[in-house]
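Comments concern the structure below.
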There are 4 protein chains.
Amino acid sequence: MSLRERKKEKKINEIMNSAMGLISKKGYHATTMDDIASELLMTKGSLYYYFKDKEDLVFYCTKQLLGESIQQAEEIERLDVNSHEKLHKAIVVHMEYLLTERSGFEIGSKPRSFFSGEKLDHVVKLRHDYASCMDRMIEEGMASGEFEQGDVKVKRNLLLGAMNYSISWYSLSGPLDITETAHKSAEHLMKMFVK
Amino acid sequence: MSLRERKKEKKINEIMNSAMGLISKKGYHATTMDDIASELLMTKGSLYYYFKDKEDLVFYCTKQLLGESIQQAEEIERLDVNSHEKLHKAIVVHMEYLLTERSGFEIGSKPRSFFSGEKLDHVVKLRHDYASCMDRMIEEGMASGEFEQGDVKVKRNLLLGAMNYSISWYSLSGPLDITETAHKSAEHLMKMFVK
Amino acid sequence: MSLRERKKEKKINEIMNSAMGLISKKGYHATTMDDIASELLMTKGSLYYYFKDKEDLVFYCTKQLLGESIQQAEEIERLDVNSHEKLHKAIVVHMEYLLTERSGFEIGSKPRSFFSGEKLDHVVKLRHDYASCMDRMIEEGMASGEFEQGDVKVKRNLLLGAMNYSISWYSLSGPLDITETAHKSAEHLMKMFVK
Amino acid sequence: MSLRERKKEKKINEIMNSAMGLISKKGYHATTMDDIASELLMTKGSLYYYFKDKEDLVFYCTKQLLGESIQQAEEIERLDVNSHEKLHKAIVVHMEYLLTERSGFEIGSKPRSFFSGEKLDHVVKLRHDYASCMDRMIEEGMASGEFEQGDVKVKRNLLLGAMNYSISWYSLSGPLDITETAHKSAEHLMKMFVK
DNA sequence: GATGAATGAGGGTTCATTCAT
DNA sequence: CATGAATGAACCCTCATTCAT
């Protein structure tokens, strides 16, 4: 990759980080292209050199976010440990990622409000992939007898909800740091699964 | 109450229901006053006869939602049953209410983005009241030895997140009806608390 | 006139007074039909029983205001005193009327912004009548040798401007009452005319 | 200053001139942002690139208007001539400025209806500064014996009213041009002051 | 590549006006 | 007659988007 391309790539990442931060803090509609640009000392217009439009920018953010989450989850899935440890680790990693990046946003949970056409399909697929990976871990645990039987989808959704909401209540100024919060939460949540 | 007043009251409720439904589906900013009005075959302007502005309308929605939730929870708190049954019932009722009204929305969880001044204070207080009621039930269970010890706030927040997210994934066309979903979820979630 | 008609007449006058007071205080556009009505403990809708529309209401206010001013001025014109006394008295009466009723408003000076068609013609005519009466008093003084010669129209306009502006600066809480203000002003202004 | 900046400055001035012209003709509320923009063949939205909102635009208009008036008046105050000549010149300059710019408007006289907070304070201060300068000239004349004694504030207000009203009656198609009108008026008005 | 400037669609809000009851 | 309710046009303002320089 040429120097120029690397510079562009870097810029793109900066923009996406700015966007994700702002959107997760203020919400999609309350975040303007101006907000995103001025955080980077750019002008609104420049963003359009890197992204076709706002939907595009947000799509790539969502894609990256979900993509990394999936990758992390799948790596964990492949670990040679029991289901309990896998799911526990998946929860910890998910929450640490969420709280560190401060970037789990509404977009993921209501894709139909933000995307259409191919982009919507893509996001839906990624969400599905992530959910499937979670489901497989849960099913594995049930099959091996580690976890109690039960409706996998319901359990997985309760789990996702519990984890994702943390971005709304976790406070840097609170008594727990991110790692502690993630681990405490994981321990509590795992009790939903074990026998 | 006169006929006129009852009609007005009814209209107000219709507007609030329309608003809550749309906002919980599309989000606050994506829901326009036009959307809300046209769902009721009214014109935008008419809404302003009943509510001072959009913030006002949403405030009363939030207030009613949280108010009723608190009332339900406090009634449950006063029941003469053990902590397990109380919390279980609270979860079921919360989820049934949420899924029936289709009205648990972002507003409750990020009041600072939507309200200011007295309205903000009021909503924050209501949220606090609801959380406190939950906390008391959890603490009671811990004190009586029914529940495992643990960080009450973290547990309560995980619980709230898990419950509230249901509005995003529950589907009327799915295999479970609302009551079943609520009960299943309650059983799963209660495992976080019991020894 | 029947009782009913007298009642109606009275109501009409109340409405006009309310309208004039508010408009002179807040301006035409900033005064809403609601403002006018609620000052009289009526509802907006009722006003339309008495006046076709806002323009109509304001037209009758203007007409009455200018009509009374003209009548007063013409009575003074007919007095059997010298021109100095006449003009002096005209100024005093004009200002007292203005400051008492608090009702000299923008409408009079920019009729073209508020009226059209016959109403505009009528108001323009009334304004002209009032100006003419002033002009005649001034001309009479010039003819009799009491007043210095000079451009009558310019003098009359300066005079009107000076008088009408008083509504902006006169304060009930100031050191002078209305009568004193009117007399002081008249004395100062008369110096523009005398030799 | 770069070309860009000069162009922007120019545009800002064009907008302010358009605004002042329309507002002095039709009044603040009757002048829409659309009116102002379309006179300059721009779209409404563009105005907001230059001014935060309507209040802001009008504030800067008022500020410039009053600011220049004060500067002119203070320069005249510093001239080494007698009070009569000073006040006479001040009147001429004020009226010429007013009639040339077509921009003396209601705003100045009822700032409380249009501004709030710091903007209001600023406008009130400017009005006070201008009035004070006038007052000093009048007092100087009284002290030197050129002018008759009398209530300075009342005289100044009558003077301001007479001058400012000219924008309502002066007509380019009339027999007098602006300079003639200003001079004639000044001569008439000065008679209020001299012994 | 970046920026300043312009645009236009659309959202929230106000208000004169109408009308059934 | 009066009122509550509804309407719709018009206004202020925002913001994603475009484009010449």
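Computed from heavy atoms alone, side chains included, the values below leave out hydrogens, waters and symmetry copies. Here is how names work: the chains are called A, B, and so on, in the same order as the sequence lines, proteins then strands, and each is numbered from 1.
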task: Kindly say whether the aromatic ring centers of F59(A) and H122(A) come within a distance under 6.0 Å.
output: yes
message: My understanding is that only residues two or more places apart in sequence, or in another chain, count here; which of them pass salt bridge (Lys or Arg N to Asp or Glu O under 4.0 Å) with K125(C)?
response: D129(C)
message: Tell me whether the side-chain N/O atoms of Y50(D) come closer than 4.0 Å to OP1 or OP2 in dG4(E).
response: no
- request: Mind calculating the distance between CD1 (I12(C)) and P (dA2(F)) to the nearest angstrom?
  value: 11 Å
field: Interatomic distance where CG belongs to D56(A) and P belongs to dA16(F) [whole Å]
entry: 14 Å
query: In whole Å, what is the span from the CG atom of L40(D) to the C1' atom of dA5(E)?
result: 15 Å
- line: Side-chain atoms of M42(C) come closest, of dT3(F), dT7(F), dA6(E), to dT3(F)
- line: Across all chains, not counting sequence neighbours, the side chain to side chain contact (heavy atoms under 4.5 Å, CB included) partners of S69(A) are Y97(A), Y130(A)
- request: Mind jotting down which residue pairs meet the salt bridge (charged side-chain N to carboxylate O under 4.0 Å, His left out) criterion with at least one end in residues 53-65 of chain D? Sequence neighbours excluded, please.
  value: D56(D)-K119(D)
- prompt: Counting heavy atoms not belonging to Y60(D), are there more than 12 under 6.0 Å from its OH?
  reply: no
- prompt: L47(D) CG to dC11(F) P: how many Å, rounded?
  reply: 14 Å
query: Counting any heavy atom closer than 4.0 Å, what does F51(A) reach on the DNA or RNA strands: base, sugar-phosphate only, or nothing?
result: nothing
query: In chain order, what residues pass the side-chain hydrogen bond (donor to acceptor under 3.5 Å, both in side chains) check against N13(B), with sequence neighbours excluded?
result: none
task: Tell me the stems DNA chain E sits in, counting at least three consecutive Watson-Crick or G-U wobble pairs, each under 3.5 Å on both distances.
output: E:2-21 with F:2-21
Nearest-angstrom distance from the residue atom NZ of K10(D) to P of dA5(E): 13 Å
Mind listing the side-chain donor-acceptor pairs of residues 41-50 of chain B below 3.5 Å, one per line with the distance, residues two or more places apart or on another chain?
| residue | atom | partner | partner atom | Å |
| --- | --- | --- | --- | --- |
| T43(B) | OG1 | S46(B) | OG | 3.2 |
| S46(B) | OG | T43(B) | O | 3.4 |

query: Starting at the 5' end of DNA chain F and moving along, which residue's nearest nucleotide shows up first, K8(B) or Y49(C)?
result: Y49(C)
message: Could you tell me how far apart L3(B) (CG) and dT3(F) (P) are, to the nearest whole angstrom?
response: 18 Å
- prompt: Excluding sequence neighbours, so at least two apart, what forms side-chain hydrogen bond (donor to acceptor under 3.5 Å, both in side chains) with S18(B)?
  reply: E39(B)
message: Output one letter per nucleotide in nucleotides 13-21 of chain E: B when a protein non-hydrogen atom lies under 4.0 Å from the base, S when only the sugar-phosphate is that close, - when neither is.
response: BBSBBB---
- request: Please list, chain by chain and in numerical order, all residues satisfying side chain to side chain contact (heavy atoms under 4.5 Å, CB included) with T32(D), sequence neighbours excluded.
  value: D34(D), D35(D)
